[in-house]
Participant: 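The following block contains the structure, expressed as structure tokens.
Quick note: numbers below take in every heavy atom, side chains included, and nothing from hydrogens, waters or symmetry partners. What you are looking at is a predicted structure, and each value in this text was computed from that prediction instead of being measured.
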Number of protein chains: 2
Amino acid sequence: MYVINDKEFKCSVGVTLDIFNDKWKLSIIWHLLDNDKRFKELSEEISEITQKTLTVKLKELESKNIIHREVFPEVPLKVVYSLTPIGQKLRSVLESMFNWGIEYVKEHGTITSENTCEVNLSKN
Amino acid sequence: MYVINDKEFKCSVGVTLDIFNDKWKLSIIWHLLDNDKRFKELSEEISEITQKTLTVKLKELESKNIIHREVFPEVPLKVVYSLTPIGQKLRSVLESMFNWGIEYVKEHGTITSENTCEVNLSKN
DNA sequence: CTGTATCCATGAGGATACTG
DNA sequence: CAGTATCCTCATGGATACAG
């Protein structure tokens with residue numbers, strides 16, 4: 001049994017799922033894997049997300065120590081998000097999900113255009 | 001770009017997430033990894049889930065070809081759920097999530113009792 | 001540029017009772 | 001035993017306008 005901030009988990013798989021069990025967090029992590037990003041960059045790359053939701057999700061990920069937020073007090077304001085060390089370690093999780101998804105699509109889906117995932121998963 | 005049942009995905013990671021992006025499916029898959037299970041067994045092992053929700057989630061997983069449902073027309077009725085071949089291949093995803101979760105707990109949580117995950121992840 | 005503040009629609013999932 | 005059928009609550013996340 002594990003406890004994290006008064007939340008109980010029977011299994012560490014649940015701990016991991018709790019990090020990205022919603023519509024957007026995994027996508028945010030994905031886009032930060034290879035490069036740090038500004039708020040606007042994330043907003044443009046994950047174009048379907050609203051500003052409000054992006055803000056909420058970034059805060060949640062920051063509070064769980066998955067991402068780091070750094071403010072540059074320039075004008076206009078510049079804020080850069082990056083993965084923490086433990087956040088970077090999610091790369092292997094993403095990688096296995098990436099590979100399984102490919103296999104699943106081969107069996108049950110269709111590929112309408114080439115890979116649009118720009119992330120280099122083999123890095124590290 | 002991938003298409004599965006009229007649903008579009010930019011990345012295969014999203015395909016995988018879509019399989020278990022809710023409160024219960026990953027737990028159900030977890031409990032089927034090593035052994036096939038009857039409805040009642042699942043219901044007891046995942047004790048917090050309601051019958052209705054378990055039914056719904058099993059149907060969803062079956063429709064996505066992650067699990068197989070077999071009916072034995074005995075009295076009383078016997079229904080056994082098992083992972084399909086592609087479902088079994090989720091083992092590696094579960095394993096990487098399991099391992100990451102352990103690391104995360106070491107940094108940000110506490111272990112209140114020993115491992116209650118009874119699944120043998122190294123199998124196969 | 002990087003957020004906040006409101007308001008609102010939707011659907012997942014819980015409680016409970018019932019059925020083949 | 002293995003589900004269905006209702007009803008209901010609550011939180012996620014979308015739309016939009018505003019602010020430091």
Side-chain angles (χ1 to χ4, degrees), chain A residues 5-10 14 17-32 35-64 66-82, chain B residues 5-10 14 17-32 35-64 66-82:
Chain A
N5 297 331
D6 298 335
K7 210 164 171 180
E8 297 185 344
F9 301 90
K10 284 186 183 172
L17 183 63
D18 192 56
I19 296 294
F20 54 74
N21 195 16
D22 64 22
K23 192 172 177 183
W24 297 111
K25 290 206 203 81
L26 204 56
S27 182
I28 294 171
I29 294 167
W30 177 263
H31 283 273
L32 289 175
N35 300 103
D36 302 349
K37 300 270 171 70
R38 299 183 59 167
F39 183 89
K40 196 189 185 196
E41 291 179 287
L42 287 170
S43 179
E44 287 171 351
E45 293 180 9
I46 313 172
S47 56
E48 312 87 350
I49 200 172
T50 61
Q51 276 194 348
K52 174 208 155 193
T53 301
L54 179 56
T55 304
V56 169
K57 295 306 160 185
L58 287 170
K59 277 197 197 310
E60 290 176 3
L61 287 169
E62 190 193 5
S63 76
K64 293 176 179 180
I66 304 302
I67 65 175
H68 173 71
R69 179 178 185 270
E70 187 159 13
V71 182
F72 296 85
E74 309 170 356
V75 178
L77 190 59
K78 177 179 174 182
V79 179
V80 173
Y81 293 92
S82 58
Chain B
N5 298 331
D6 298 336
K7 208 164 171 179
E8 297 185 343
F9 300 90
K10 285 186 183 171
L17 183 64
D18 191 56
I19 297 294
F20 54 74
N21 195 16
D22 64 22
K23 192 172 176 181
W24 296 111
K25 292 206 203 79
L26 204 56
S27 182
I28 293 170
I29 294 167
W30 177 264
H31 283 274
L32 289 174
N35 300 102
D36 303 350
K37 299 272 170 71
R38 299 182 62 169
F39 183 88
K40 198 191 183 194
E41 292 179 288
L42 287 169
S43 180
E44 287 171 352
E45 293 180 7
I46 313 173
S47 56
E48 311 88 349
I49 198 173
T50 62
Q51 276 195 346
K52 175 207 154 193
T53 302
L54 180 56
T55 304
V56 170
K57 295 305 161 185
L58 287 169
K59 277 196 198 309
E60 290 176 4
L61 287 170
E62 191 193 3
S63 77
K64 293 175 178 180
I66 305 301
I67 64 174
H68 172 69
R69 178 178 184 271
E70 187 160 13
V71 180
F72 297 85
E74 307 170 359
V75 178
L77 192 57
K78 177 178 173 181
V79 179
V80 173
Y81 293 91
S82 58

Participant: For B:Lys40, enumerate each residue passing the salt bridge (charged side-chain N to carboxylate O under 4.0 Å, His left out) test, keeping only those at least two apart in sequence or located in another chain.
Facilitator: B:Glu44

Participant: What residues in residues 50-61 of chain A put a non-hydrogen atom under 4.0 Å from any atom of DNA chain C?
Facilitator: A:Gln51, A:Lys52, A:Thr55, A:Lys59

Participant: Using whole Å, what does the distance between atom P of nucleotide C:dG13 and atom CG of B:Asn21 come to?
Facilitator: 9 Å

Participant: Ignoring backbone atoms, establish whether A:Arg69 has a side-chain N or O less than 4.0 Å from OP1 or OP2 of C:dG3.
Facilitator: yes

Participant: Distance-only, no hydrogens or angles: does the B:Lys57 side chain make a donor-acceptor pair with backbone N or O of B:Ile28 under 3.5 Å?
Facilitator: no

Participant: Check the distance between C:dG14's P and B:Ile49's CD1 and give it to me in whole angstrom.
Facilitator: 7 Å

Participant: How close or far is atom C1' of C:dC1 from atom CZ of A:Phe39, stated in whole angstroms?
Facilitator: 9 Å

Participant: When the C1' atoms of the five terminal pairs at each end define the local axes, what inter-axis angle does the helix from C:dC1-D:dG20 to C:dG20-D:dC1 show, to 10 degrees?
Facilitator: 60°

Participant: Which of these passes side-chain contact (heavy atoms from CB on, under 4.5 Å) with A:Ser27: A:Asp22, A:Ile46, A:Ile49?
Facilitator: A:Ile46

Participant: Looking at A:Lys59 and A:Glu62, is any side-chain nitrogen of the basic one under 4.0 Å from a carboxylate oxygen of the acidic one?
Facilitator: no

Participant: Does A:Tyr81 reach a base, just sugar-phosphate, or nothing at all? Heavy atoms under 4.0 Å.
Facilitator: sugar-phosphate

Participant: Enter the distance from A:Trp24:CH2 to A:Thr50:OG1 here, rounded to the nearest 0.5 Å.
Facilitator: 8.0 Å

Participant: Under the criterion side chain to side chain contact (heavy atoms under 4.5 Å, CB included), I'd like the reasoning laid out for B:Lys64 against B:Asp18: C-alpha separation, chi angles, the key distance, then a yes or no.
Facilitator: CA-CA 10 Å; B:Lys64 293 175 178 180; B:Asp18 191 56; 3.8 Å; yes

Participant: Taking any atom closer than 4.0 angstrom to a non-hydrogen atom of chain A, what span of DNA chain D does the protein reach, first nucleotide to last?
Facilitator: D:dG13 to D:dA15

Participant: Hey, which of these two, A:Leu77 or A:Asp22, hits DNA chain D nearer its 5' end, going by closest nucleotide?
Facilitator: A:Asp22

Participant: Tell me, which pairs form a salt bridge (Lys or Arg N to Asp or Glu O under 4.0 Å) where one or both residues lie in residues 66-78 of chain B, sequence neighbours left out?
Facilitator: none

Participant: Nearest whole Å is fine: how far is C:dT2 P from A:Ile28 CD1?
Facilitator: 14 Å

Participant: Looking at CG of A:Leu42 and CG of A:Leu32, how far apart are the two atoms once the value is rounded to the nearest 0.5 Å?
Facilitator: 5.0 Å

Participant: Can you list the residues that meet the side-chain hydrogen bond (donor to acceptor under 3.5 Å, both in side chains) rule with B:Arg38, with sequence neighbours excluded?
Facilitator: none

Participant: Does the side chain to side chain contact (heavy atoms under 4.5 Å, CB included) test come out yes or no for B:Leu61 and B:Phe20, once each step is laid out?
Facilitator: CA-CA 9 Å; B:Leu61 287 170; B:Phe20 54 74; over 6 Å; no

Participant: Hey, is the main chain of B:Lys7 close enough, under 3.5 Å, to the side chain of B:Asn5 for a donor-acceptor pair?
Facilitator: no

